Amino acid sequence: MSPRARGVLAAISGLALLLVVLAGFAKLPDFGVYLGPYGTLVDELAPIQRKIPNAITAVNFDYRGLDTMGEEFILFAAVAGLTLVLRKDRRDTTDAPLPSAGLRGRADRSDAIRAFGLAGIAVTIAFGVYVAIHPHLTPGGGFQGGTITSGFAALIFLALGYRPLKRYAPHQRTEPIEAIGAAGYVLVGVATLAAAGAFLANCLPLGASGEFFSTGTIPVINLCVAVEVVAGFVVVFGEFADETRFEVDDEAEVEP
Amino acid sequence: MSWLPYIVPAWIFVIGLYGMATSRHLVHLILCLSVTQSATYVLILMIGYRTGATAPVFSDVLSTVRATDPVVQAVTLTDIVVGATVTALLLAFALRIYKTYGTVDPQDLRTMQG
Amino acid sequence: MAVVQGVALVLVAVVATVAVLVRDPKRQIFLYMIYGLVMTIVLVVLQAPDVALSELAVGSVAIPFAVLATLVRMEHGKGK
Amino acid sequence: MSELAPLAIAVPLIASAATAALGAFAPRSLLAALNVAASAFATAACAVLARDAALHGSVIHWFGGWRPAHGVSLGIAFVVDPVSGALAAFAGLLTTAAFAYAWTYYEKDDGAFAALLQVFSAALIGFFLTGDLFNMFVFFELMSVSAYALTGFRSEDSSAVQGALSFAVVNSTGAFLVLTGVAIVYARTGALLMAQIAHSLGGAADPLVVVAFALIVAGFLVKASAAPFHFWLSEAHAVAPTPLCVLFSGIMVQAGLYAVARTYWSVFSGALGPHGDGVRDVLVAFGVLTAIVGAVMSYAQRHVKRLLAFSTVSHSGLMLCGIGLLDPRALGGVFVYVLGHGLVKGGLFMGSGILLNRYQTVDVEALRGKLRELPWLAVVLALGALGLAGLPPFGTFVGATLIDDGASRAHLGWLTVILLLTAALTGAAVLNAVGRMTFGWGPPPDPRAVTPGRENPETEAATGLRLVNMAIPTLALIALAIAFGFVPVASTAVAAAGAFADRTVQEAVVLAGGAPVPLPSGPAVPLGDGILHGAIGGALALALAALGLFADRLPIWPLLKRTYETAMRIPHAWHSGIVTDYVTWLTAGAAAFGAALLSLTR
């Protein structure tokens, strides 16, 4: 199709799809009215059954823990695929250095930027870890905290440069850690299957609601998720940073 | 007529599709795909929303305040992270294609015709 | 609350439209980051703080980082 | 016994993570053994579950131990009925075969291929076994993402990455359609467990239910490569590593079809039952279109892997017709067909992999006359071609017989003819290629046509041990495909499809904890007509292949050739290789599918 023909067809069929979808949406319950028994029941039961104040975490890591396990492996597969495509390719074709500076022209990275960067990195890690380890008490968890924490790798690269990234977040070494995080989740499932007769069923003492060591298996699973998400995103950042690597810069890069 | 807010996710979904269909740059196309996906988050969270309710995080166990649906939030939460990694995977593909062909205009990439 | 929600929803639809219709990825990525921020606000007003945290980290840091790195690499011409 | 259900996915996943973590250090043979063992375990576990489900009724595993309270489900269940168990076992079997075939395949790889393939197979198994609609979506995504990564695996070949990108863009969009459908059905019912959704939907359909069904099914049809959602398939197959094509064509596409059947029968059949005729018409129409487009395009290919890929499109259309008839007998036929077709197609792809390995190309014209060096392979490919055409005793003919029965019961006699013709045409496409490659028959290619260059060989040249290693699984699959026709499965399959389609029993067992119902014995299935049909199909395939090979000796050849080439310009133009075109077709197809369902179920 010519671009014009495609544009016309896309506009017409997009409009048609919009109408079809809206025909269904028109029969949705009014906005702000939630009828379903599922969520209501979880809201009622989670604090009692799991001694957990955060019902979302209870769904994520217990009631629908299998979904989360699947999502963990989606992350795992996507990161593995990305690494495969980028790294193999760099090895095969682009060993020669590229001519000019990349995302971070080192000349214009002043001391002030470095200082802000370091502060930002510290705050990011602190906040991320805090969010990651308290999912059973407050909003947060391995996914949210993990993505925030991994932002430190991006900040190192942006504020300090390529070499510090390689030194403080060596992503080739975090890959096995990512796999371990993913495997950990499944192993918890297998262990609980052996101990309690159902995959991912809780078999640890629940403790008192609101305490750090409470809610049984949830903190364990959360830790696996956090490890995997941090490691996974560090790999993503590292791989893309590698793409903008130019040897000219590597020579002149200053350690912080 | 309180279903009118649902026009928003439907619109985002379709405009994202339109952007993909008419895209002339793979990175643009991938970001449009990501916009299309975000329509599903909005839709799902709107469905679980209840007027006047709080987030389903109870500071005290015997809370009587109504809360929104935790299931939809759990579902969306993991999906966002996954969406991000898939986007990253697609960007890696686009980059690889660029390195070979020197172009990322879908119109110029027709080696698979047939 | 209803007004805030209405405004946020309309805003997110508008920003999405603009982010899609801006064809140049170098400019689109900044609109995409704004879209991520607006989306975060929508998630907050829909009482989903957990989701909002994720969206903030992903939509405003992770994806833009990958996109910018990709675009920088593409500035330098094809390999080999 | 239900503990086996979660283990069937847990063991491959652990093997995958272990392979990824140890890939750089552990010896290759150890990793290969680990992966074959994990796949074999998963296969056996699913087979045991399927057998158990047939003997004692559905096997249910509640994750986290959360059984439904007061008829409301809190968690996720794996619900293994004979059909889902058997298909999961088949997925495991093909994975095991693929691992065996790839044993010495990627010697420079640090385990990523095996790790991803293992995730892919776990996702397939989970997809078949789950009884929860959102969980099904999760496994759908997991299957897709690992498949994208695997498709782009040979990234030194840039067209592989291009194919992977098309695949990923189109399939992700399909997944969003599914998710939107799941979301609105959740808004209506507040449930994600299929049995509970079905219970809650009751027997009434309104536009919301119809649109939810349309979106979910349209999304799954992307995976099932129904026209006009099929464009990604030939690109992904053409470039994906051969062991993967076996799984893509053998079971992944069929997983999409399974999901269509599952969605209809387990979730929507109560609500949409009164509008069954409308649903049937739409599904059969899309199925017929797919069967024809796939067959015609298959016949026009000279790249063997693309040829086989389009033939998969055609057979997927045939199976979609079988599902669309909404008849348990035809549905049983579809399940038999999945197995029969998967074995044949798997064998054919493995054969094409041997060609690629030995000659660094799968272009038919480049291989003209070369296959004489490997006569056994020519025989295998020709046998496979006849299997595609449905010649007895290949298992495909049993499935086709049952689907034909369903068609005549629905008074759609014409459908039988179309399915026979398209299947024969896909067989003819392969026979045509075999004739050219072995004997150098057929008119020479148009010199104006571009000759595809050498492809990147997937492995070191196949000599000695490696050739044997690739030949054994190839021969095994074709042999199994023939043997399968002698197994009296038809009657059991119809009974299993009946149980699969029985929503009320599923609700009682899953939701209310009722006693599982063992599989009743199925009706007798006379195969006499089917053998005749199959024989006609085989003969037609030979005739059509001969037409392609020897028509240049006919006096009307120039006219014939010109007409054919002019007519083929249209479908060739559709398959433009431009990903944005595919997104446009997907949008148009989804809109048309939804609009047709809305108007026919009013």
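All chains are named by letter (A, B, ...) in the order of the sequence lines, taking the proteins before the strands, and each is independently numbered beginning at 1. Keep in mind it's a predicted model, so treat the numbers as computed, not measured.
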| task | Indicate yes or no: at least one non-hydrogen side-chain atom of D79(B) is less than 4.5 angstrom from one of E71(A). | result | yes
Most contact-rich option vs chain B, by heavy-atom pairs under 4.5 angstrom, among A11(A), A26(A), A10(A), G146(A), is A26(A)
Heavy atoms of L89(B) and A78(A) approach each other most closely as CD1-O, 3.7 Å
Correct closest heavy-atom pair for L17(B) and L17(A) would be CD1-CD2, 3.6 Å
Can you find a pair of side-chain heavy atoms, one from P3(A) and one from T22(B), that are under 4.5 Å apart? no
Whatever's closer than 4.5 Å to a heavy atom in chain B on Q144(A) counts as side chain
Closest non-hydrogen contact found for Y34(A) with I47(B) is CD1-O, 3.5 Å
Exercise for the section: Answer yes if the side chains of R64(A) and T78(B) hold a donor-acceptor pair under 3.5 Å, and no otherwise. Expected result: no
Taking the side chain as C-beta and beyond, is there a heavy-atom pair between F233(A) and T85(B) under 4.5 Å?
yes
* **T51(B) and V33(A), any side-chain heavy atoms less than 4.5 Å apart** => no
Does R50(B) form a side-chain contact (heavy atoms from CB on, under 4.5 Å) with T40(A)? I'd like the steps, not just the answer. CA-CA 11 Å; R50(B) 187 187 283 218; T40(A) 316; 3.0 Å; yes
Shortest non-hydrogen pair, V59(A) vs V71(B), comes out as CG1-CA, 4.2 Å
OG1 (T68(B)) and CG (D43(A)) are apart, to the nearest 0.5 Å, by 7.0 Å
Exercise for review: Using the six-membered ring wherever Trp is involved, compare the ring planes of Y6(B) and F31(A) and label them parallel, tilted or perpendicular (cut-offs 30° and 60°).
Suggested key: perpendicular
Honestly, the part of Q107(B) sitting under 4.5 Å from a heavy atom of chain A is side chain
Minimal heavy-atom distance between A10(B) and V21(A), with the atoms involved, is CB-CG1, 4.1 Å
Output for pair (Y18(B) OH, L15(A) CG), nearest 0.5 Å, gives 11.0 Å
When the 4.5 angstrom heavy-atom criterion is applied to A55(B) and chain A, the contacting part is neither
message = So L18(A) and F13(B), do their side chains get closer than 4.5 Å, heavy atoms only?
response = no
Separation between CG (L77(B)) and CG (D67(A)), nearest 0.5 Å, reads 12.0 Å
Of all heavy-atom pairs linking G39(A) and D69(B), the shortest is CA-OD1, 3.1 Å
Evaluate the criterion side-chain contact (heavy atoms from CB on, under 4.5 Å) for residue pair I7(B) and F25(A); output intermediate values, then yes/no. CA-CA 8 Å; I7(B) 292 177; F25(A) 283 13; over 6 Å; no
*K99(B) bridged to E243(A) by N-O distance under 4.0 Å*: yes
So, the part of I80(B) with a heavy atom under 4.5 Å from chain A: the answer is neither
